[in-house]
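Computed over heavy atoms, backbone and side chain alike; hydrogens, waters and symmetry mates excluded.
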Amino acid sequence: MNRNLVMMAVVLPLLTSCGGQSKYEKAIADFVQTDKKGTWTDLQFKVIEMGDPTDITVKDSVAFLTKKFDSEKSKRLATLNESIARNKESMEKERFNSMKQFYQKLIDKNQELVDSLAKTSVKLPDAYKNAAETTVLAKEITCKFSIANPMLNNAKQEITENFILNAAGDKCYRRHSKKK
């Protein structure tokens, strides 16, 4: 009897681990085969190769949000400063006082926006305030897979994309093409 228990203890984990998909594979397969309306279509999804998941932490998210904010702020400031310069140039060329006043109002309005925007900083979600920097928010994983595309007479396609999954790795949020 003890020998049977030992044998089952060895064989059972092997049988359960060999069958089925990993939670990452299942989440990605469900995401790829479900359209935006929630309709599932069997695309004969098969994983060819899957990379190791990378954790996306609070620290990563803060860095991303800060970089994006700073980039957008710089673009907006550049646009406003170009507008101010154009309006100053037009005002200097103008002969009529009413038009000079018009340009000055535009310059003043844009300068107020520049001054206000220069004082702004990124506002992070409240959930980040008390969270540790190492808290895992999501996982990113690269997956090469094949599908039978029904739009192309079920022609087999191989696709490599990055997927963003929740921290548990059992739900996919989005996908994007793999950067080279």
Check against side chain to side chain contact (heavy atoms under 4.5 Å, CB included), V58 and T134: CA-CA 6 Å; V58 169; T134 56; over 6 Å; no
Decide if atom [atom1] of [X] counts as having more than 12 heavy atoms of other residues, nucleotides or ligands within a radius under 6.0 Å.
{"X": "K88", "atom1": "NZ", "result": "no"}
{"X": "K100", "atom1": "NZ", "result": "yes"}
{"X": "E89", "atom1": "CD", "result": "no"}
{"X": "K119", "atom1": "NZ", "result": "no"}

Between T57 and D60: side-chain donor-acceptor atoms closer than 3.5 Å: yes
Short side-chain donor-acceptor distance under 3.5 Å, D108 and Q104: yes
Residues K26 and D170 bridged, charged N to O under 4.0 Å: no
Would a 4.5 Å heavy-atom cut-off, applied to side chains only, mark [X] and [Y] as touching?
{"X": "S22", "Y": "E25", "value": "yes"}
{"X": "E161", "Y": "F145", "value": "yes"}
{"X": "V114", "Y": "L77", "value": "yes"}
{"X": "T135", "Y": "Y128", "value": "no"}
{"X": "C172", "Y": "I164", "value": "no"}
{"X": "N149", "Y": "L43", "value": "no"}
{"X": "E94", "Y": "Y103", "value": "yes"}
{"X": "I28", "Y": "I141", "value": "yes"}

Is it true that a side-chain atom of [X] and a backbone atom of [Y] form a donor plus acceptor pair closer than 3.5 Å?
{"X": "D55", "Y": "V136", "value": "no"}
{"X": "T34", "Y": "D30", "value": "yes"}
{"X": "K144", "Y": "G51", "value": "no"}
{"X": "D35", "Y": "K37", "value": "yes"}

Any idea which heavy atoms bring [X] and [Y] closest together, and the distance?
{"X": "K73", "Y": "T120", "value": "NZ-O, 2.8 Å"}
{"X": "M50", "Y": "Y24", "value": "SD-CB, 3.9 Å"}
{"X": "K23", "Y": "A168", "value": "NZ-O, 2.8 Å"}

Would you give the length of the straight line joining atom [atom1] of [X] to atom [atom2] of [Y], rounded to the nearest 0.5 angstrom?
{"X": "T54", "Y": "E140", "atom1": "OG1", "atom2": "CD", "value": "6.0 Å"}
{"X": "E82", "Y": "L80", "atom1": "CD", "atom2": "CG", "value": "9.5 Å"}
{"X": "R76", "Y": "L117", "atom1": "CZ", "atom2": "CG", "value": "7.5 Å"}
{"X": "R175", "Y": "L165", "atom1": "CZ", "atom2": "CG", "value": "12.5 Å"}
{"X": "S61", "Y": "L137", "atom1": "OG", "atom2": "CG", "value": "5.5 Å"}
{"X": "K109", "Y": "I84", "atom1": "NZ", "atom2": "CD1", "value": "11.5 Å"}

Between [X] and [Y], is there shared hydrophobic-cluster membership here, with clusters defined by ILVMFWY side-chain heavy atoms closer than 4.5 Å?
{"X": "V62", "Y": "I56", "value": "no"}
{"X": "F64", "Y": "L124", "value": "yes"}
{"X": "F45", "Y": "I48", "value": "no"}

Set of side chain to side chain contact (heavy atoms under 4.5 Å, CB included) partners for D42, sequence neighbours left out: Q33, W40, Q44
Salt bridge (Lys or Arg N to Asp or Glu O under 4.0 Å) partners for E112, two or more places apart: none
Side chain to side chain contact (heavy atoms under 4.5 Å, CB included) between I147 and K156, intermediate numbers included: CA-CA 6 Å; I147 59 169; K156 184 178 175 184; over 6 Å; no
